Novice: 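Sharing a structure below in structure tokens format, with a few things to ask.
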Amino acid sequence: QVQLVESGGGLVQPGGSLGLSCAASGSIVSIGAMGWYRQAPGKQRELVATITVNRSTKYADSVKDRFTISRDNAKNTVYLQMNSLKPEDTAVYYCNAAIRQGMFTYNDYWGQGTQVTVSS
């Protein structure tokens, strides 16, 4: 069994900062790419940022230069530092990880989601 547990969401004013973290636990052999996605009300889930094992990163255009993704491989944890937040960043944020439990196959796992609300 694998769990991804997120923390760090909340309410912040426009222009403010917030940090999210997501820790993977359970029967884990190795973790591949990790990432953050978000889903706003009435919209589809969209990619925010991803990071590979070697820390190569990719960002959605809408968050470039404002958000930073990082990971701690020893702790099986991925982070998202969000700066200069805008109301349109309001969404439920989900972490995602490709996790290998057996010999060969990586499977996708998702966290439960954490609400981020940007409002004055």
Side-chain angles (χ1 to χ4, degrees):
Q1 195 78 335
V2 170
Q3 271 193 316
L4 297 182
V5 179
E6 299 146 347
S7 60
L11 173 65
V12 63
Q13 291 188 341
S17 298
L18 208 57
L20 305 180
S21 63
C22 173
S25 63
S27 179
I28 298 171
V29 172
S30 63
I31 301 178
M34 304 182 83
W36 290 94
Y37 292 72
R38 67 186 181 187
Q39 187 166 18
K43 295 190 175 181
Q44 288 190 330
R45 190 173 298 188
E46 63 175 3
L47 180 145
V48 175
T50 59
I51 184 167
T52 67
V53 172
N54 296 323
R55 295 181 173 81
S56 176
T57 59
K58 181 171 74 172
Y59 295 92
D61 288 343
S62 59
V63 306
K64 271 180 188 173
D65 300 324
R66 298 189 298 121
F67 290 12
T68 302
I69 189 171
S70 60
R71 65 189 285 170
D72 185 332
N73 291 334
K75 294 181 180 179
N76 291 340
T77 299
V78 62
Y79 305 94
L80 185 69
Q81 178 62 38
M82 304 181 290
N83 298 327
S84 302
L85 281 160
K86 304 175 181 180
E88 50 263 44
D89 294 318
T90 296
V92 177
Y93 284 70
Y94 298 90
C95 72
N96 170 269
I99 294 175
R100 182 163 67 94
Q101 293 183 276
M103 285 287 289
F104 304 107
T105 305
Y106 281 86
N107 293 308
D108 258 0
Y109 289 88
W110 292 88
Q112 79 283 2
T114 186
Q115 178 70 46
V116 172
T117 302
V118 184
S119 175
S120 54

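For this chain, numbers begin at 1 and follow the sequence in order. Since this is a predicted model, take the numbers as computed values, not measurements.
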Novice: Identify, with sequence neighbours excluded, every residue that meets side chain to side chain contact (heavy atoms under 4.5 Å, CB included) alongside T57.
Specialist: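 I51, Y59, I69.
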Novice: Would you sort out whether D89 and K86 count as a salt bridge (charged side-chain N to carboxylate O under 4.0 Å, His left out), showing the intermediate values?
Specialist: CA-CA 5 Å; D89 294 318; K86 304 175 181 180; over 6 Å; no
Novice: Less than 4.5 Å apart, side chain to side chain, heavy atoms only: is that true for V53 and R71?
Specialist: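 Yes - at least one pair of side-chain heavy atoms lies under 4.5 Å apart.
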Novice: In terms of heavy-atom contacts, does CD of E88 have more than 12 from other residues, nucleotides or ligands at under 6.0 Å?
Specialist: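 Atom CD in E88 is packed in, count exceeds 12.
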Novice: With heavy-atom distances below 4.5 Å as the criterion, would you say the side chains of S62 and R38 are in contact?
Specialist: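 A side-chain contact exists here, since the closest heavy-atom pair is under 4.5 Å.
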Novice: Measure up the Y94 and W110 rings against each other and bin them: parallel (under 30°), tilted (30 to 60°), perpendicular (over 60°).
Specialist: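 Rings of Y94 and W110: perpendicular, as their planes differ by over 60°.
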Novice: Atom CG of L80 and atom CG of L18: how far apart are they, to the nearest 0.5 Å?
Specialist: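 L80 atom CG to L18 atom CG measures 9.0 Å (nearest 0.5 Å).
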Novice: Can you measure from CD (Q112) to SG (C22) and round to the nearest 0.5 angstrom?
Specialist: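 Nearest 0.5 Å value for the CD-SG distance: 7.5 Å.
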Novice: According to a hydrophobic-cluster definition based on side-chain heavy atoms being under 4.5 Å apart (Ile, Leu, Val, Met, Phe, Trp, Tyr only), do Y37 and Y93 belong together?
Specialist: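 No, because Y37 and Y93 fall into different hydrophobic clusters, even though each may have its own neighbours under 4.5 Å.
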Novice: Quick one: does T90's side chain have a donor or acceptor within less than 3.5 Å of a partner on V118's backbone?
Specialist: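 Checking the backbone N and O of V118 against the side chain of T90, a donor-acceptor pair under 3.5 Å is found.
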Novice: Determine the minimum heavy-atom distance between S120 and P14, stating which atoms define it.
Specialist: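 Looks like N-CD, 3.7 Å.
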Novice: Using a 4.5 Å cut-off on heavy atoms from C-beta on, say whether the side chain of R66 contacts that of M82.
Specialist: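 Counting from C-beta outward, M82 and R66 never come under 4.5 Å.
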Novice: Side-chain contact test, heavy atoms from C-beta onward, threshold under 4.5 Å: evaluate it for N73 versus I31 and give yes or no.
Specialist: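 The answer is no, as the side chains (C-beta and beyond) never meet within the 4.5 Å cut-off.
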Novice: For the hydrophobic clusters of this structure (ILVMFWY residues joined by side-chain heavy atoms under 4.5 Å, transitively), does one cluster hold both V63 and V92?
Specialist: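 No, no single cluster joins them.
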Novice: Could you tell me the separation between the CG atom of L11 and the CG atom of L85, rounded to the nearest 0.5 Å?
Specialist: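 It comes to 11.0 Å.
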Novice: Between S30 and Y106, do the side chains contain an N or O donor and an N or O acceptor separated by less than 3.5 Å?
Specialist: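 Distance-only check passes for S30 and Y106.
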Novice: Where do T68 and Y79 land on the side-chain contact (heavy atoms from CB on, under 4.5 Å) test, with the steps shown first?
Specialist: CA-CA 8 Å; T68 302; Y79 305 94; over 6 Å; no
Novice: Side chain of E6, backbone of G113: donor and acceptor closer than 3.5 Å?
Specialist: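 Yes; at least one donor-acceptor contact below 3.5 Å.
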Novice: More than 12 non-hydrogen atoms from neighbouring residues, nucleotides or ligands closer than 6.0 Å to CD on Q3, yes or no?
Specialist: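 12 or below, so no.
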Novice: I'd like to check the side chain to side chain contact (heavy atoms under 4.5 Å, CB included) partners of V2; sequence neighbours left out, ordered by chain and number.
Specialist: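 Residues passing side chain to side chain contact (heavy atoms under 4.5 Å, CB included) with V2: I28, I99, Q101, Y109.
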Novice: Search all heavy atoms of A24 against all heavy atoms of L4 and return the closest pair with its distance.
Specialist: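 Reported closest heavy-atom pair: CB-CD2, 3.2 Å.
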Novice: Tell me, do M34 and C95 make a side-chain contact under 4.5 Å, heavy atoms counted?
Specialist: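 Sidechains of C95 and M34: no contact.
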Novice: Might you point out which heavy atoms bring N83 and S17 nearest each other, and give the distance in Å?
Specialist: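 Closest heavy-atom pair between N83 and S17: OD1-OG, 2.9 Å.
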